[in-house]
Peer 1: 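The following block contains the structure, expressed as structure tokens.
The figures that follow rest on heavy atoms only: side chains count, while hydrogens, waters and symmetry mates do not. Throughout, numbering of the chain's residues begins at 1 and tracks the sequence. For ligands, and for the atoms within them, numbers begin at 1 and follow the listed sequence. Just so it is clear, the model here is predicted, and its values are computed rather than measured.
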Amino acid sequence: MVTGGNRGIGAAIVQRLVAAGHKVASLDMGGEAPEGALGIPCNVTDAEQVEAAFAAAEQAHGPVEILVANAGITKDQLILRMTDAEWDAVIGVNLTGVWRCAKRASRSMIRKRWGRMVFTGSVVGLFGSAGQVNYSSSKAALVGMARSLTRELGSRGVTANVVAPGFINTEMTAVLPDDVVAGYKAQIPAGRLGEPDEIAAAVAFLVSEDAAFISGAVIPVDGGLGMGH
Ligand code: NDP
């Protein structure tokens, strides 16, 4: 199960997992999945839609063994101008939406005594970012969620990790002005933005059998931007 699987980083993750032979269900608002995956329309802020999406995925593919909670939004604003609606919207998708999917997915994982949860965090979760108090708070919270889930479910063969992308070429960053992107590039030791498939590669490893002893980790995939954070 991959949320936000229709485009950007999520689509690259879906494609990797399909290529690795997984039966993949992809959730997004419109239900348009990359080829080879089952697309299910689902707004992760709506509990009933999440329940229905899991039921549909399970009917088609069997119990959910892997959850990649990747759907995320930004509503950037300096704190004095940030509205309650901008705060609530970002927390609703990026944090509560992840919790809702993790809670539902844990049911079948506990029963199976095997599971993999990967949350798409962000370098700014631990690095901070002016104008993104809502977004960085939501992403930092995913670290606490993965670590608490690790403590709750670790003995049941379930791992929970965060992949923390740096600046990646997707629609989310395409809206940034050129001078802002140039400023970011200057701070990234790799000297470039990342590609969605570079995040997908880390996710594919974390959900594999080889990563069974990695849990509660934050794996940066950021060209070195967040070193030490
Ligand atoms: P995009 O903006 O390209 O895609 C966002 C995805 O989230 C879409 O699939 C979208 O579906 C889905 N989504 C948004 N809201 C909801 C919702 N309420 N319910 C279900 N799905 C929803 O983002 P990216 O691919 O760039 O980002 C993916 C993840 O990576 C996000 O969590 C983001 O915060 C994180 N990230 C991205 C970075 C970057 O530089 N791009 C850097 C660090 C982290 P739909 O198309 O239907 O709206």
Side-chain angles (χ1 to χ4, degrees), residues 1-16 24-34 37 39-54 57 67-76 86 88-102 104 118-129 132 134-143 145-146 162-176 180-181 183-185 187-188 190 192-200 202-203 218-223 225-226 229:
M1 172 78 80
V2 181
T3 70
N6 62 320
R7 59 191 168 98
I9 292 170
I13 293 168
V14 168
Q15 283 155 359
R16 276 249 175 193
V24 182
S26 165
L27 310 190
D28 71 278
M29 306 286 268
E32 294 152 9
I40 303 174
C42 174
N43 182 339
V44 296
T45 66
D46 184 314
E48 282 178 17
Q49 289 187 37
V50 169
E51 177 53 40
F54 271 78
L67 169 69
V68 184
N70 163 80
I73 59 169
T74 50
K75 291 207 181 289
D76 298 351
E86 286 163 341
D88 289 343
V90 169
I91 297 297
V93 177
N94 298 11
L95 178 57
T96 314
V98 173
W99 164 78
R100 193 171 282 125
C101 292
R104 181 59 175 78
V118 179
F119 306 147
T120 309
S122 168
V123 64
V124 307
L126 300 178
F127 198 64
S129 173
Q132 292 195 305
N134 50 1
Y135 182 78
S136 63
S137 299
S138 72
K139 295 302 190 180
L142 297 180
V143 177
M145 197 188 303
V162 173
V163 166
F167 291 96
I168 310 298
N169 266 321
T170 69
E171 287 173 41
M172 189 177 269
T173 47
V175 296
L176 298 171
V180 172
V181 174
Y184 286 143
K185 273 189 195 162
Q187 294 177 57
I188 302 168
R192 65 173 177 88
L193 269 60
E195 296 302 325
D197 193 49
E198 294 180 296
I199 309 304
V203 172
V218 181
I219 309 289
V221 187
D222 61 3
L225 176 61
H229 295 275

Peer 1: When you compare ligand 1 with V44, is there at least one nitrogen or oxygen pair between them that comes in under 3.5 angstrom?
Peer 2: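 Yes.
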
Peer 1: Do any nitrogen or oxygen atoms of I168 come within less than 3.5 Å of a nitrogen or oxygen of ligand 1?
Peer 2: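 Yes, at least one N or O pair falls under 3.5 Å.
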
Peer 1: Tell me every residue that passes side chain to side chain contact (heavy atoms under 4.5 Å, CB included) with K75, counting only those two or more places apart in sequence or in another chain.
Peer 2: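 Expected list: I73, E86, A89, V90, N134.
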
Peer 1: Does ligand 1 have a heavy atom under 4.0 Å from the side chain of I73, from its backbone, from both, or from neither?
Peer 2: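 The side chain, only.
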
Peer 1: Does G166 have a non-hydrogen atom less than 4.0 Å from ligand 1?
Peer 2: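 Checking ligand 1 against G166, which is what was asked, there is a heavy-atom contact under 4.0 Å.
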
Peer 1: Taking the minimum heavy-atom distance to atom 20 (C) of ligand 1, which of C42, S138, G121 ranks first?
Peer 2: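 Closest candidate by heavy-atom distance is C42.
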
Peer 1: Is it the side chain (CB and beyond), the backbone, both or neither of I9 that lies under 4.0 Å from ligand 1, heavy atoms counted?
Peer 2: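 Looking at I9 and ligand 1, atoms from backbone and side chain both fall under 4.0 Å.
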
Peer 1: Taking only residues two or more places apart in sequence or in another chain, which ones pass side chain to side chain contact (heavy atoms under 4.5 Å, CB included) with A102?
Peer 2: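 For A102, the residues satisfying side chain to side chain contact (heavy atoms under 4.5 Å, CB included) (neighbours in sequence not counted) are L67, M117, F119, L149.
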
Peer 1: Consider ligand 1: state whether an atom of it lies below 4.0 angstrom from any non-hydrogen atom of T120.
Peer 2: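 Under 4.0 Å: yes for T120.
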
Peer 1: Is N70 close to ligand 1, meaning an N/O of one under 3.5 Å from an N/O of the other?
Peer 2: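 There is such a contact, yes.
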
Peer 1: Output yes when the distance from some N or O of ligand 1 to some N or O of M29 is under 3.5 Å, and no in every other case.
Peer 2: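 Yes, since at least one N or O of M29 sits under 3.5 Å from an N or O of ligand 1.
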
Peer 1: Could an N or O of ligand 1 be found under 3.5 Å from any N or O of R7, whether backbone or side chain?
Peer 2: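 Yes, at least one N or O pair falls under 3.5 Å.
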
Peer 1: When only distance counts, is T173 in polar contact with ligand 1, meaning an N/O pair under 3.5 Å?
Peer 2: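 No; the residue has no nitrogen or oxygen that sits under 3.5 Å from a nitrogen or oxygen of the ligand.
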
Peer 1: Using a plain distance cutoff, I'd like to know if G4 has any nitrogen or oxygen under 3.5 Å from a nitrogen or oxygen of ligand 1.
Peer 2: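 In this structure, G4 places an N or O atom under 3.5 Å from an N or O of ligand 1.
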
Peer 1: Looking at ligand 1, does K139 have a heavy atom less than 4.0 Å from it?
Peer 2: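 Per 4.0 Å heavy-atom rule, K139 contacts ligand 1.
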
